[in-house]
Participant: 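I'd like to ask some things about the structure below.
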Protein chains: 2
Amino acid sequence: MSSKLNLTVQRETIYDIVKNSINHPTAADIMDALRERGHQFAYGTVYNSLKYLTDAGLIRELKLGDSASRYDGQLSDHNHIICRVCGRVDEVFATPPDPWAGTVERETGYKIQNHQTVFTGICPSCQAEGR
Amino acid sequence: MSSKLNLTVQRETIYDIVKNSINHPTAADIMDALRERGHQFAYGTVYNSLKYLTDAGLIRELKLGDSASRYDGQLSDHNHIICRVCGRVDEVFATPPDPWAGTVERETGYKIQNHQTVFTGICPSCQAEGR
DNA sequence: TTTCTTGCAAAACATTTGCAAATCG
DNA sequence: CGATTTGCAAATGTTTTGCAAGAAA
């Protein structure tokens, strides 16, 4: 059943970039990082690999509301916070108090599979610079 | 200070469509609705008007992770839930228990201005059809 | 007139797709 | 060999932009 992983050079390199990235890179960021490492894969291949890695459960795709998808090598259940000033994206590990999802199921009649929260605010460094 | 509202025919018609829409229309949906009402505005004008209405605080723009932005005439604080099967988007009025945002501020050091949660699941009708 | 708004077309951007060539098993 | 993956380029979908023409103040 569990078809085995086929990590080509492209996929492995991209996985490594996402995994070791602190800043939730977009596909374009990954292209840059590849170039820095002396690789040059086609855009199509990058998207293809990201999809493969996402489907394989090795990384997660984040759609945070800015135009481009970001990718996250951190698999544990968590949410994200975006700085409105500098655009930085950080992880949020505090989970919402439990009864919420149940309440929402009762309110909406949906069977909930998943939920993701995006916080927006001002990050510590931008606060320090007086904004 | 509060510059006064300039509602042209285009803006007013689009506002009316968003306000009276139950299904969080995208720009393309709005184009369709306009056509049904016998209007035909340029795409640029539709986006321009949506931006104006959003900035004026009359509607809200939703970026829920699917490709196109949706627009919502419901201004009260609420979240959204998307059916994974049929793509329908519904409102969620149950709010997360209060201490969460504070906890996140303490965890991240951010000053939080806003947060939006997107639930995914299966809507009542799709459940009924046995999925 | 001066300012704002529209319409249209082109550009920009992120992503997907089709297909031939290369690679893997 | 057959199956999968890559590279490239073209196509797609969404949104923005530039600019001339039109409407409003």
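In what follows, every chain begins at residue 1, and chains take the letters A, B, ... in the order their sequences are listed. What you are looking at is a predicted structure, and each value in this text was computed from that prediction instead of being measured.
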Participant: Rounding to a whole Å, what distance do you find between B/Lys51:NZ and C/dC4:P?
Facilitator: 15 Å

Participant: To the nearest Å, give me how far apart CG (A/Leu50) and C1' (D/dT6) are.
Facilitator: 15 Å

Participant: State which of C/dT15, C/dT6, D/dT16 makes the closest approach to the side chain of B/Tyr47.
Facilitator: D/dT16

Participant: Just the rounded figure in Å: distance from C1' of D/dT6 to CD of A/Gln40.
Facilitator: 14 Å

Participant: Classify B/Thr26 by what it touches in the nucleic acid, base, sugar-phosphate, or nothing, heavy-atom distance under 4.0 Å.
Facilitator: nothing

Participant: Are A/Val46 and A/Ile59 co-members of a hydrophobic cluster defined by side-chain heavy atoms under 4.5 Å apart?
Facilitator: yes

Participant: Assess whether a salt bridge exists between B/Arg88 and B/Asp90, defined as any Lys/Arg side-chain N lying under 4.0 Å from an Asp/Glu carboxylate O.
Facilitator: yes

Participant: Give a yes-or-no answer on whether the side chains of B/Gln116 and B/His80 include a donor-acceptor pair shorter than 3.5 Å.
Facilitator: yes

Participant: To the nearest Å, give me how far apart CZ (A/Phe41) and C1' (D/dA9) are.
Facilitator: 19 Å

Participant: Starting from P on C/dT15, measure out to CG on B/Asp66 and report it in whole angstrom.
Facilitator: 13 Å

Participant: Select one nucleotide: of C/dT15, D/dT15, D/dG7, the one nearest the side-chain heavy atoms of A/Ala42.
Facilitator: D/dG7

Participant: Linking I/L/V/M/F/W/Y whenever their side-chain heavy atoms sit closer than 4.5 Å, directly or via other members, would A/Leu64 and A/Val18 fall into one cluster?
Facilitator: no

Participant: Please state how far atom CG in A/Leu53 lies from atom P in D/dT5, giving the value in whole angstrom units.
Facilitator: 12 Å

Participant: Anything under 30° is parallel, anything over 60° is perpendicular, the rest tilted; go ahead and classify B/Phe119 against A/Trp100.
Facilitator: perpendicular

Participant: Between atom CE in A/Met31 and atom P in C/dC13, what is the gap in whole Å?
Facilitator: 15 Å

Participant: Answer with yes or no whether the side chains of B/Asp29 and B/Thr26 bring together a donor and an acceptor at under 3.5 Å.
Facilitator: yes

Participant: Strictly below 4.0 Å, heavy-atom distances to any atom of DNA chain D: list the hits from residues 6-18 of chain A, or just say none.
Facilitator: A/Asn6, A/Thr8, A/Gln10, A/Arg11

Participant: Can you tell me how far P of D/dT14 sits from CZ of B/Arg70, to the nearest Å?
Facilitator: 10 Å

Participant: Nearest to the side chain of A/Ala68 - D/dT6, C/dG7, C/dT15?
Facilitator: C/dT15

Participant: Does A/Lys19 pair with A/Asp16 as a salt bridge, N-O distance under 4.0 Å?
Facilitator: no

Participant: Nearest of D/dT5, D/dT16, D/dG7 to any side-chain atom of A/Tyr52?
Facilitator: D/dT5

Participant: Between B/Ser69 and D/dT15, does any side-chain N or O lie under 4.0 Å from OP1 or OP2?
Facilitator: yes

